[in-house]
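Encoded as structure tokens, the structure appears first; notes follow it.
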Amino acid sequence: MLNEIVIGKPKAQPRVKAFSRGGKAGVYTPSTADEWRRNVSSSLSRHKGKNLDGAFEVELHFIIDRPKSHYRTGRFKHILKDDAPKYHTKKPDVDNLAKLILDVLTKINYWSDDSQVVSLKVTKQYSDVFDCGVRIITRVV
């Protein structure tokens, strides 16, 4: 049903933070992922308001920029080291990356609620050729 690629630097859904000020307690969500959230939302704008029913299978494939330490040095600085990993095994966690995407799909009313997702596959790997971002695939099951 949906097969889109969103270009940009993937960010995880930040955790809600608690605070106390002047004897009052409250919570807020940090704005660290706001730019990524806006980018995803605008890229998926053509799917806005579909409000689809049913169960969904979702695949999210995150592509993350490689750090410079994965590359050789000197005149071979454009060549990957032999031991450079394929998969991204550091933060952000896949569950937090996925949460932001699912929340955006709910907010734009692609579906009624992300509780309709019955199967979720999430991968994150380093970019070798492609721009960093995410490929989003949804299917009704």
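Of the possible polar contacts, none joining the Gln13 side chain to the Ile101 backbone as a donor-acceptor pair under 3.5 Å is found. Remark: the backbone N or O of Arg38 is not paired with any side-chain donor or acceptor of Ser41 at under 3.5 angstrom. Within the 3.5 Å criterion, the main-chain N or O of Ala12 finds no donor-acceptor partner in the side chain of Lys91. The main-chain N or O of Tyr126 is never found under 3.5 Å from a side-chain atom of Asp65 such that the two would form a donor-acceptor pair. A donor-acceptor pair under 3.5 Å is absent between the side-chain atoms of Lys48 and the main chain of Ser42, judged by distance alone.
Between Asn3 and Arg135, the closest side-chain pair of non-hydrogen atoms falls below 4.5 Å. Counting only heavy atoms from C-beta outward, the side chains of Val58 and Ile137 never approach each other to under 4.5 Å. Side-chain contact between Met1 and Lys50: absent, with no pair of heavy atoms (C-beta onward) separated by less than 4.5 Å. The shortest distance between side-chain heavy atoms of Phe19 and Val27 does not fall below 4.5 Å. Two residues are said to be in side-chain contact when any heavy atoms from C-beta on lie closer than 4.5 Å; Arg21 and Lys24 fail this criterion. Looking at Asp114 and Phe56, their side chains never come closer than 4.5 Å, going by heavy atoms from C-beta outward.
Between Pro10 and Phe62, the closest heavy-atom pair is CB-CD2, 3.8 Å. Of all non-hydrogen atoms in Leu105 and Ile108, the two that sit nearest each other are O-CG1, 3.5 Å. In this structure, Ser112 and Asp53 approach most closely via the heavy-atom pair OG-OD1, 3.7 Å. The two residues Pro14 and Arg37 have their closest heavy-atom pair at CD-NH2, 4.1 Å. In terms of heavy-atom proximity, Arg66 sits nearest to Pro85 at NH1-O, 2.8 Å. When all heavy atoms of Asn39 and Gly8 are compared, the closest pair comes out as ND2-CA, 3.9 Å.
Here the options are Leu44, Leu2, Ile136, the test is side chain to side chain contact (heavy atoms under 4.5 Å, CB included), and the partner is Tyr110; only Leu2 passes. Here the rule is side chain to side chain contact (heavy atoms under 4.5 Å, CB included) with Gln125, and of Ile64, Thr89, Ile63 only Ile63 fits it.
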**OP:** Output, in order, the C-alpha distance, side-chain angles, deciding distance and verdict of salt bridge (Lys or Arg N to Asp or Glu O under 4.0 Å) for Lys121 and Glu57.
**Re:** CA-CA 8 Å; Lys121 178 183 179 184; Glu57 214 173 57; over 6 Å; no

**OP:** Could you walk me through whether Arg46 and Glu4 pass the salt bridge (Lys or Arg N to Asp or Glu O under 4.0 Å) test, one step at a time?
**Re:** CA-CA 11 Å; Arg46 68 188 192 101; Glu4 297 285 339; 2.5 Å; yes

**OP:** Could you check Arg139 against Glu59 for side-chain contact (heavy atoms from CB on, under 4.5 Å), going step by step and ending with a plain yes or no?
**Re:** CA-CA 9 Å; Arg139 295 179 201 89; Glu59 287 183 40; 2.9 Å; yes

Original post:
Does the pair Lys11 and Asp34 meet the rule for a salt bridge (Lys or Arg N to Asp or Glu O under 4.0 Å), with working shown?
Top reply: CA-CA 9 Å; Lys11 296 278 188 175; Asp34 286 353; over 6 Å; no

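The 12-atom threshold is not exceeded at NZ of Lys107, counting heavy atoms of other residues, nucleotides or ligands nearer than 6.0 Å.
For the atom pair OH (Tyr71) and CG (Leu80), the distance works out to 5.0 Å, reported to the nearest 0.5 Å. The CG atom of Asn109 sits 10.0 Å away from the CG atom of Leu52 when rounded to the nearest 0.5 Å.
Taking 4.0 Å as the cut-off between side-chain N and carboxylate O, Lys124 and Asp93 do not count as a salt-bridged pair. The existence of a salt bridge linking Lys99 and Asp103 is confirmed by a sub-4.0 Å separation between a basic side-chain nitrogen and an acidic carboxylate oxygen. A salt bridge does not link Glu35 to Lys9: none of the charged side-chain nitrogens sits closer than 4.0 Å to a carboxylate oxygen.
Under 3.5 Å, the side chains of Thr123 and Tyr87 contain no donor-acceptor pair of N or O atoms.
Both Leu120 and Val140 belong to a single network of hydrophobic side chains, linked directly or stepwise wherever heavy atoms of I, L, V, M, F, W or Y lie under 4.5 Å apart. With hydrophobic clusters built from ILVMFWY side chains whose heavy atoms lie under 4.5 angstrom apart, Val117 shares a cluster with Val134. In this structure, Val122 is a member of the same hydrophobic cluster as Trp111, with clusters built from ILVMFWY side-chain heavy atoms closer than 4.5 Å.
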